[in-house]
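The chains referred to below are lettered A, B, ... by the order of the sequence lines, with proteins before strands, and numbering in each begins at 1.
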Protein chains: 2
Amino acid sequence: MATIQDVAKLAGLSRTTVSRVINQHPYVTDEKKRLVMNAMEELNYVPNSSARRLRKQQTETIAVYVPRITNPFFSQMVEVMGNYAAEKGYQLILCQTSYSRNQEINYLELLKTKQVDGLILTSIENEWSDIEPYMNFGPIMLCNEYNDEAKVPTVYLNQIEGGYIGTRHLIEQGHTKIGYCSGDNTESRVASDRYKGYKKALAEAGLPLNEKWFLTSAYSIEDGKRIFKEIASMKDPPTAVFTGSDEVAAGIWKEAVNHQWRVPDDLAIIGFDDQPVAELIGLTTIEQPIEEIAKRAMEQMIETIEKKLPSKRKEIQLDFKLVKRRST
Amino acid sequence: MATIQDVAKLAGLSRTTVSRVINQHPYVTDEKKRLVMNAMEELNYVPNSSARRLRKQQTETIAVYVPRITNPFFSQMVEVMGNYAAEKGYQLILCQTSYSRNQEINYLELLKTKQVDGLILTSIENEWSDIEPYMNFGPIMLCNEYNDEAKVPTVYLNQIEGGYIGTRHLIEQGHTKIGYCSGDNTESRVASDRYKGYKKALAEAGLPLNEKWFLTSAYSIEDGKRIFKEIASMKDPPTAVFTGSDEVAAGIWKEAVNHQWRVPDDLAIIGFDDQPVAELIGLTTIEQPIEEIAKRAMEQMIETIEKKLPSKRKEIQLDFKLVKRRST
DNA sequence: CGAAATCATGAAATCGGTTTCATAGATTGA
DNA sequence: TCAATCTATGAAACCGATTTCATGATTTCG
């Protein structure tokens, strides 16, 4: 591998001048520039990125944390982030926390060891107080996830509204017995806010909150199937159910059909995310502006890095949209 | 940020000794080791990865190329690769080529500039001859994709067999008019082999090959819908169709139902990949051992890096499995 | 026209580690 | 017992770039 020294020698100039050409520094005559270019060409030279990183103290790499990349919500987010980052000359390191606290903390070392210039968290497993110390080592921000204590830029969705418009829609369809499904993460404000929106819609319509219709541990298609069975076995089942994800909704629907229930007549179902599968099966759902959220987050991160902005709280809130289909 | 120098000073030792402790070199007395450990602890020291990379000439980072991370086939692959890499102490850089030749070449510079120790390609956009020169800069391997000229380790699926068992299944169900859908990439042996398998099954059964039933540009759900319309408008349409992906199959199915066709009676459909959606809607499909292919590839890559194996052709071939559901 | 500002270049310091080489004391073995 | 080997440590070289500083040539301007 040719080094900058080899190029300098071949061009009959100093390393400094070669470096200047590489970095488009002014104060290099066109003639020398040409000499250097030719030498670089001839030696098939490319600057060594490790050396550059060390000297410049920056890596042009950004880490993105997701629970699992196979979750379509997150993979869409990463797709957009990756493309935008590449456009701006940054690499993306993918960190899958697998919903594990340890894994998340392990990956945080990346920032500490200066392997990345910044971190975007799309979900948090640990307490904020465990994450905060890492802010000393580089910029951290939240995208999708949010946390009241975190003094970092946050791009997020108005989950209260998300829960509200979904539930509201079911009420408008004439339902009075409305169930609610969610995961188990009690730390996350995403979950609690969405539930708040649900309660708000019920309260506004003067409908009671029935705790028996609150269903948990809902993440996957399989969970949805299980949840349908729970519903079917109730004495006084809900006639409509608000779910936290399209997968869960799809699972409920599938199992409902297996049991000869009609959707939406016997049970109306509303999903969340508007993943491709929702359109496919005709699921009413809440659409999230994933592209925008991802792009805004990456923009913010790159700005923070390049302008060396101090870390501070800054909220960018985006809205949901209801997509009505045949499941309600 | 504390450096190794600071630690050395605090411990009253040389940088060398500190480095030895970090790298678990023998020949350090327990007492000095303790001194160093304490100093590191006190200063909250972590070695700077850029410096380490520069000196050691390795990055502990692997790049994985995928066309788009939102394609579930690739996101599953990346999930497994990412987790396995992390387990072995490697990072994953995600490179989305977006099916673009330029993008692919741009990313190849990563290897040249020594930002990664190796490259795993899961699909190739360019001619192999355009990629080959980069082999000088580090190990490259193929996973899923394969290419006859490439003198690199390749983990792949027997696509001929994939095309064969799918088509064979349709024939066994009594179909004689069997259509075939695929993308447009003529470079890829993945595509051509799968088609070979299809032809082989037809030939064995003495069935004719009808070029009108060969449908192209099939990638997405939308494409599937379009393809159904093409089929519906044929004078002599096929009664069954083999598709290159579950999404396309799902699109065809959805549009078929919209037009009051019954599946599988009016049209049998077989997908490819066995994505979650296939189970959901009851699509017969060809299952790929994604986990295994991904793990084997990552294993091979890490071995190549760590043992500095010379680049040479090595084929690891895995098999498909038919998953029968109600669409056939 | 002479001082100040600008342009062009290279030597040397620097980023923060690891590796090589030299050295000295402690052990081993013939 | 004395040479050979092993253990333990540090000084200095090195990885390959960028940045600072110094210097001389050229241009600008009052």
Side-chain angles (χ1 to χ4, degrees), chain A residues 1-37 39-40 43-61 89 109-117 137-138 308, chain B residues 1-37 39-40 43-61 109-117 137-138:
Chain A
M1 280 300 304
T3 71
I4 199 173
Q5 183 67 278
D6 302 329
V7 175
K9 196 177 294 172
L10 183 60
L13 294 164
S14 70
R15 298 205 306 270
T16 314
T17 304
V18 176
S19 174
R20 289 206 178 94
V21 173
I22 295 168
N23 295 284
Q24 316 193 54
H25 188 278
Y27 302 166
V28 183
T29 56
D30 287 349
E31 192 206 333
K32 308 260 154 108
K33 202 177 288 183
R34 203 175 37 71
L35 281 172
V36 170
M37 299 288 228
M40 294 206 292
L43 295 171
N44 203 359
Y45 168 81
V46 200
N48 176 301
S49 94
S50 300
R52 205 171 199 174
R53 283 172 177 233
L54 174 57
R55 181 63 236 221
K56 294 189 120 173
Q57 299 285 50
Q58 49 155 297
T59 63
E60 286 167 353
T61 306
E109 294 292 319
L110 284 181
L111 191 60
K112 210 167 170 186
T113 59
K114 292 276 184 296
Q115 299 202 43
V116 298
D117 292 338
F137 305 104
K308 297 189 174 47
Chain B
M1 280 299 305
T3 71
I4 199 172
Q5 183 66 278
D6 303 328
V7 175
K9 196 176 295 172
L10 183 60
L13 294 164
S14 70
R15 300 206 304 274
T16 315
T17 304
V18 177
S19 174
R20 287 204 178 95
V21 173
I22 295 169
N23 296 285
Q24 318 195 49
H25 189 279
Y27 301 164
V28 182
T29 56
D30 287 348
E31 193 207 332
K32 307 259 154 116
K33 203 177 286 180
R34 203 175 37 70
L35 281 172
V36 171
M37 298 289 227
M40 294 205 292
L43 295 170
N44 203 359
Y45 169 81
V46 198
N48 176 301
S49 94
S50 301
R52 203 169 202 174
R53 282 171 180 234
L54 174 58
R55 181 65 236 222
K56 293 190 123 175
Q57 299 285 51
Q58 47 156 303
T59 64
E60 286 166 354
T61 305
E109 295 292 318
L110 284 181
L111 191 59
K112 211 168 171 185
T113 58
K114 293 274 184 295
Q115 298 203 40
V116 297
D117 291 337
F137 305 104

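Contact of A:R20 with C:dG10 (side chain to base): a donor-acceptor pair of N or O atoms is detected under 3.5 Å. Contact annotation: side chain of B:T16 to base of D:dA11, donor-acceptor pair present below 3.5 Å.
A donor-acceptor pair under 3.5 Å is absent between the side-chain atoms of B:N23 and the main chain of B:H25, judged by distance alone.
Across the protein-nucleic acid pair, B:E31 atom CD and D:dA8 atom C1' stand 12 Å apart, rounded to whole Å. One can place NZ of B:K9 at 16 Å from C1' of D:dG10, the figure rounded to the nearest angstrom. Here the C1' atom of nucleotide D:dT18 and the CD1 atom of A:I22 are 10 Å apart, to the nearest Å. Between the NZ atom of B:K112 and the C1' atom of D:dG16 there is a distance of 17 Å, rounded to whole Å. Rounded to an integer number of Å, the gap from CZ of B:R53 to C1' of D:dA17 is 15 Å. The nearest whole Å value for the distance from the CD atom in B:Q115 to the P atom in D:dA17 is 13 Å. The CD atom of A:Q5 sits 13 Å away from the C1' atom of D:dC14 (whole-angstrom rounding). Regarding A:L35, its CG atom lies at a distance of 14 Å from the C1' atom of C:dA8, rounded to whole Å.
Proximity of A:S19 to the phosphate of D:dT18: a side-chain N or O atom is located under 4.0 Å from OP1 or OP2. Considering only side-chain N and O atoms, B:T29 lies under 4.0 angstrom from the phosphate OP1 or OP2 of D:dT9. For C:dG16, one of the phosphate oxygens OP1 or OP2 lies less than 4.0 angstrom from a side-chain nitrogen or oxygen of A:Q57.
The side chain of A:Y27 has C:dT9 as its nearest neighbour among C:dA12, D:dG16, C:dT9. Ranking C:dC15, D:dG16, D:dT9 by closeness to the B:L54 side chain, first place goes to D:dG16. In the set C:dT9, D:dA12, D:dT18, D:dA12 carries the atom at the smallest distance from any side-chain atom of B:R15. Closest to the side chain of B:K32, from the set D:dT9, D:dA17, D:dT18, is D:dT9. Side chain of A:R55, nearest nucleotide from C:dT18, D:dA17, C:dT9: D:dA17. Ranking D:dC15, C:dG17, C:dT18 by closeness to the B:N23 side chain, first place goes to C:dT18. Listed nucleotides: C:dT9, D:dG16, D:dT18. Nearest to the side chain of A:R52: D:dT18. Comparing D:dT19, D:dA17, C:dG10 against the side chain of A:K56 picks out D:dT19 as the nearest.
Within the 4.0 angstrom heavy-atom criterion, no nucleotide atom of any strand lies near A:V7.
The number of heavy atoms from other shown groups lying within 6.0 Å of CE (B:M37) does not exceed 12.
Side-chain contact between A:T16 and A:R20: present, with at least one pair of heavy atoms (C-beta onward) separated by less than 4.5 Å.
The CG atom of B:L54 lies 12.5 Å from the CZ atom of A:R55; values are rounded to the nearest 0.5 Å.
Residue whose closest nucleotide on DNA chain D sits further toward the 5' end, between B:T17 and B:A51: B:T17.
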Given the rule in the side chain to side chain contact (heavy atoms under 4.5 Å, CB included) test, do B:L110 and B:F137 qualify, once you have shown the distances and angles that lead to the verdict?
-> CA-CA 10 Å; B:L110 284 181; B:F137 305 104; over 6 Å; no

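Shown here for A:P47 and A:R52, the closest heavy-atom pair between the two residues is CG-NH1, 3.7 Å.
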